[in-house]
Every structure is written in structure tokens, then in C-alpha cells.
Amino acid sequence: SNQWGGAGGSIWITCGTLSGTGTLEADANSVSQSAGGRISVVLTTPGAGFGNWESRIHAWGTGSGAPGTIYLQDGNQADGFGTLIVDSNGTSRSGYTTINGNVTEADVGNVVVRRSGKLRVAPGVDFVVRGSITNLATITCMKGSRIVLESANDCHISGAVTVDGL
């Protein structure tokens, strides 16, 4: 019989600083077709970073399920200027992590897609990136969507971004 899963859930942490060890996981369950969850860690103390935290963070999917997202914002970054990470742990999956109309707060500072992750921007969505895009896997901007690079400083794109419908 076919089994269809859900998502890996969510972890949302807002704190002044973060230190210690441990693992944050919002992984899918072992059922095929499950997507990874969402993790957000926002540090609020000016100057606070992730250097004192020796941990692993992941939101992996299973089967053909898409990886989830990880959002990291240090104490020097304003709201919406953190880094969005899509990471599939090096496992090729057919599922895409999709930024669609249901996603709120779709503005980020930087985007990193790595280790076979796949990020897709759905039609009708403006995905605003205020810093850099590092694509070591797959980013697709679907017809009718936009990736908007918006910065007072230089924006940098590393890797290919596919635009459908041109």
C-alpha cells in the first residue's frame, strides 16, 4: 500500500544568545513522500552569533519529499535579513521546497541551497533577497514569479538560477 506522510513539524526559537551543543531536527518521519519541516532561530542580542553553538540543524525530507527550510538570523541582522537554507543532505529527491502565496515573511537576507536541495518560487510570488544567493543545487523561478534582488550594497549570485517560461 502507498503511504503518504506529512512534514517534519516546526521549531521556532527567538532568544538573546545561543550556546552549547545539541541538535535541532525538523526531519520528516520515515514514511515515503514526507517533507522536512521548518526551523527558525533568531538571535536578538546585538553582536550575538552562532559561533558559540556547536550543533547540527536539519530539516530533511524522506523519499521524494522536499527538504524543509532553516532560517538563521544573528544579532547584527535586522528582521528579514537572515539566511534561508535549503539542504537535502546530499540525497536527490524529486520534491521541491516551494515559496508560494501561503508563505508569509518571504523576504530574506541570503539564500543558500546546497547538498541536492531544490528551491522553487511559485507563480505570483515575489521572493525578495537582500544579500546573496548561493546555489549549490537547484533554484527555479517559475513563470509568473520573481526573485527580487534588493540591497543598498552589492548583491551576489553564485550558481545557476533557472527561470521558466522565458
Side-chain angles (χ1 to χ4, degrees), residues 1-14 21-42 50 53-73 80-149 155-166:
S1 71
N2 290 331
Q3 294 182 329
W4 297 89
S10 62
I11 299 171
W12 183 2
I13 298 172
T14 301
T21 61
T23 302
L24 294 178
E25 296 178 4
D27 297 341
N29 61 23
S30 60
V31 176
S32 66
Q33 316 299 327
S34 295
R38 308 287 180 249
I39 298 175
S40 173
V41 182
V42 175
F50 293 95
W53 188 41
E54 297 176 22
S55 178
R56 295 182 324 155
I57 304 174
H58 45 84
W60 300 328
T62 60
S64 62
T69 57
I70 300 167
Y71 178 78
L72 302 176
Q73 181 178 300
F81 282 79
T83 298
L84 178 71
I85 301 167
V86 178
D87 182 337
S88 192
N89 193 30
T91 303
S92 181
R93 305 186 189 293
S94 59
Y96 278 80
T97 300
T98 303
I99 306 295
N100 61 33
N102 295 324
V103 175
T104 59
E105 301 177 20
D107 298 1
V108 298
N110 303 298
V111 175
V112 177
V113 181
R114 63 185 183 207
R115 301 191 320 161
S116 301
K118 294 179 181 179
L119 177 65
R120 173 173 53 199
V121 182
V125 173
D126 287 350
F127 182 45
V128 178
V129 180
R130 296 184 175 105
S132 64
I133 297 174
T134 303
N135 183 19
L136 304 173
T138 303
I139 298 176
T140 301
C141 189
M142 298 178 70
K143 185 175 183 176
S145 66
R146 297 187 314 170
I147 297 176
V148 179
L149 298 175
C155 291
H156 179 76
I157 299 176
S158 172
V161 176
T162 302
V163 180
D164 291 347
L166 287 181

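These values consider heavy atoms only, across backbone and side chains, with no hydrogens, waters or symmetry-generated copies. Quick note: residue numbers are just sequence positions, from 1.
For the atom pair CG (Leu119) and CD1 (Ile147), the distance works out to 7.0 Å, reported to the nearest 0.5 Å. In this structure, CZ in Arg38 is found 10.5 Å from CD1 in Ile70, a value given to the nearest 0.5 Å. A distance of 10.0 Å separates CG in Asn110 from CZ in Phe81, rounded to the nearest 0.5 Å. Distance check: Thr83 OG1 to Leu72 CG gives 6.5 Å after rounding to the nearest 0.5 Å. The CG atom of Asn102 sits 11.0 Å away from atom CD1 of Ile99, with the distance rounded to the nearest 0.5 Å. Annotation: the span from Asn100 atom CG to Ser145 atom OG amounts to 11.0 Å, rounded to 0.5 Å.
Considering only heavy atoms from C-beta on, Ile11 stays 4.5 Å or farther from Ile57 through its side chain. Side-chain contact check for Leu84 versus Phe127: some heavy-atom pair is nearer than 4.5 Å. Looking only at side-chain heavy atoms (C-beta outward), Ile133 and Leu149 come within less than 4.5 Å of each other. Two residues are said to be in side-chain contact when any heavy atoms from C-beta on lie closer than 4.5 Å; Thr62 and Ser34 meet this criterion.
Residues Tyr71 and Gly82 share a closest heavy-atom pair of OH-N, 2.9 Å. Minimum interatomic distance between Gly61 and Ala28 (heavy atoms only, all atoms of both residues): CA-CB, 3.9 Å. Shown here for Ala66 and Thr97, the closest heavy-atom pair between the two residues is CB-N, 3.6 Å. Ala137 and Gly117 get closest at one heavy-atom pair: CB-O, 2.9 Å.
At distances below 3.5 Å, not a single donor-acceptor pair connects side-chain atoms of Asn89 with backbone N or O atoms of Thr91.
In this structure, Trp60 and His58 have parallel ring planes: the angle between them is below the 30° cut-off, well short of the 60° mark.
Pairs of residues two or more places apart, or lying in two chains, that qualify as salt bridge (charged side-chain N to carboxylate O under 4.0 Å, His left out) and include a residue from residues 130-142 are Asp107-Arg130, Arg130-Glu150.
Dense packing is recorded around CZ of Arg115, with more than 12 heavy atoms of other residues, nucleotides or ligands lying under 6.0 Å away.
The salt bridge (charged side-chain N to carboxylate O under 4.0 Å, His left out) with Asp87 is formed by just one residue from the set Arg114, Lys118, Arg56; it is Arg114.
Neither side chain, Arg120 nor Thr140, offers a donor N or O lying under 3.5 Å from an acceptor on the other.
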